[in-house]
Protein chains: 2
Amino acid sequence: MTIDKDVQKKIAAHPLFEGVARSQLNWLLNVGQAQSLPKQAYLYHRGDQSGFLYVLLTGHIKLSVPAERGSEKVLEFLGPGDVFGESALLPGTTLIADAQALQTCELLVIAAADVMTVVTRAPFLAQKMLANLSKRVQALFRDMESVSLLSAAQRVAEYLLRQPREGNQAHLPYHKRAIASKLGLQPETFSRSLQQLAADGLISVRGAKVVIHDADKLQAMLA
Amino acid sequence: MTIDKDVQKKIAAHPLFEGVARSQLNWLLNVGQAQSLPKQAYLYHRGDQSGFLYVLLTGHIKLSVPAERGSEKVLEFLGPGDVFGESALLPGTTLIADAQALQTCELLVIAAADVMTVVTRAPFLAQKMLANLSKRVQALFRDMESVSLLSAAQRVAEYLLRQPREGNQAHLPYHKRAIASKLGLQPETFSRSLQQLAADGLISVRGAKVVIHDADKLQAMLA
DNA sequence: CGAAGGCTTGAGACCGCTCAAGACCCGTGG
DNA sequence: CCACGGGTCTTGAGCGGTCTCAAGCCTTCG
């Protein structure tokens, strides 16, 4: 199994592999496979046995678990550079979540059996993986903390403050329903919290555009 | 900085390093340091800059964040073999939780600057670290799922089913207050949930001893 | 025996959830 | 260009599970 020439180039040019020796990179391209995933498609489902470790090169992916009545709980949004499918590293376990592409995605796929080899032959990638998994643990810690300690409005405020802003305007990157779920809220509660913050003069909402009028007060809400 | 002879032996004999070549092990013992942590002591605090990665050899550690009124939110209980202090791998970040020893603990300490070297020289450990971090991500996923989707009694039932049993008796390994916090509950609610399960005839509680009368019905509660 | 800490029990309040309906947004096709 | 339709989001009303506050109990340890 080899990878298309142009896809190889795309991978080699990827920021994730900046400063990596060409020899290591070439070797990695032989071991790994590239995979493209169209918008809305599922990469895997909860309960599958994967056997593969994934590195997300482009696009965004949503990890979630099904809940009652066709609903779902969003566990994590993944972006470029994130490493996932970690069950592959744990013998005897199955995947714990669904992985769905939010946009068209490019992935690097590594067979579980090759992971040990990758660690020895491409330690740079091993270290990136360690750093990335650490980042994810930290993010999950933050989430647990928010869900347990903050009110609905506080969680929304915290989320808004974490979004990238152009000027004082932020853009909600996913459906409100999905963001609400990630924050551990019902869509109705998320909506009401946004209205609340708007009524207090801290923000203005129009669709997915949110204008942050007073970031300091938003921040102060979290105390 | 070297390590006591007997501590070296203890580390070498540790299950975590089973099947590791003596040369790698010796090298590791030069890079890493052993640290002992008495019961109740804090290894670090939220906000500290650590610069160290820790491998827990013996004992249990509690990761938590302070909450209002001298209370705290327990994020994770760690046991032997767990790797933590992961902020060390992420430049520019500080530790996100407090780490407190629940019993006397033995740790292997690795300076962040040496991690890359460890990955190249002791890939076995790098792989264990990857696997362990993956396990932690999975555990956090499960926790998020429970907190978001399950009622208080369901969370307690799930927790009880996960505890090791001798016969049909389980033992709550930490203070009920701490377990409650880990489950995202107030101590009062945890207590009431246990009473509820007892009233339904599924368990009996006496102090930290819990007898599971009907594991199947407990399991069925989670649907 | 007394004190301290952890746990339990009770009563009441509140936040977020549920259910239901209506409004908005946007792509599609006439 | 406009009307339509599906999906998404908002708004309203009422309910209920969990939290809060407060007191009492039990165990442990000095």
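In what follows, chains are A, B, ... by sequence order, proteins preceding strands, each numbered from 1.
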message: Taking A:E145 first and then B:K73, would you say they form a salt bridge - that is, a charged N and a carboxylate O separated by under 4.0 Å?
response: no
Pair A:K62 + A:D98: basic N to acidic O under 4.0 Å: no
Nucleotide [N], atom [atom2] - distance to [atom1] of [X] in whole Å:
X: A:F190; N: C:dC17; atom1: CZ; atom2: P; result: 13 Å
X: B:K209; N: D:dT27; atom1: NZ; atom2: P; result: 15 Å
X: B:L150; N: C:dG16; atom1: CG; atom2: P; result: 19 Å
X: A:R69; N: C:dA20; atom1: CZ; atom2: C1'; result: 13 Å
X: B:R192; N: D:dC25; atom1: CZ; atom2: C1'; result: 15 Å
X: B:R177; N: D:dC19; atom1: CZ; atom2: C1'; result: 14 Å
X: A:L194; N: D:dT8; atom1: CG; atom2: P; result: 17 Å
X: A:K73; N: C:dC17; atom1: NZ; atom2: P; result: 11 Å

query: B:Y174 vs B:F77 aromatic rings, parallel, tilted or perpendicular, using cut-offs 30° and 60°?
result: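 Rings of B:Y174 and B:F77: parallel, under 30°.
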message: What verdict does the side-chain contact (heavy atoms from CB on, under 4.5 Å) test give for A:L222 and A:L161, after you've listed the backbone C-alpha separation in whole Å, the side-chain angles of each residue and the deciding distance to 0.1 Å?
response: CA-CA 11 Å; A:L222 306 181; A:L161 287 171; 4.2 Å; yes
Closest approach to the side chain of [X], judged atom by atom: which nucleotide of [options] is it?
X: A:Q186; options: D:dC19, C:dC17, C:dC19; answer: C:dC17
X: B:E188; options: D:dT20, D:dC9, D:dT18; answer: D:dT20
X: B:T189; options: C:dT8, D:dC19, D:dC9; answer: D:dC19

query: Is any side-chain N or O of B:S191 closer than 4.0 Å to OP1 or OP2 of C:dT8?
result: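 Checking C:dT8 against B:S191, a side-chain N or O does come within under 4.0 Å of OP1 or OP2.
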query: So, is B:S151 near the phosphate of D:dG17, with a side-chain N or O under 4.0 Å from OP1 or OP2?
result: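 For B:S151, the contact criterion (side-chain N or O under 4.0 Å from OP1 or OP2 of D:dG17) is not met.
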query: B:L95 and B:R46: side-chain contact (heavy atoms from CB on, under 4.5 Å), yes or no, with the steps?
result: CA-CA 5 Å; B:L95 289 158; B:R46 173 196 187 65; over 6 Å; no
message: Within the 4.0 Å heavy-atom criterion, would you say B:Q195 contacts the bases, only the backbone, or no part of the nucleic acid?
response: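 Result for B:Q195 = sugar-phosphate.
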- prompt: Hey, does A:R206 reach any base, or is it just sugar-phosphate, or nothing, if we go heavy atoms under 4.0 Å?
  reply: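 Here A:R206 touches no strand at all.
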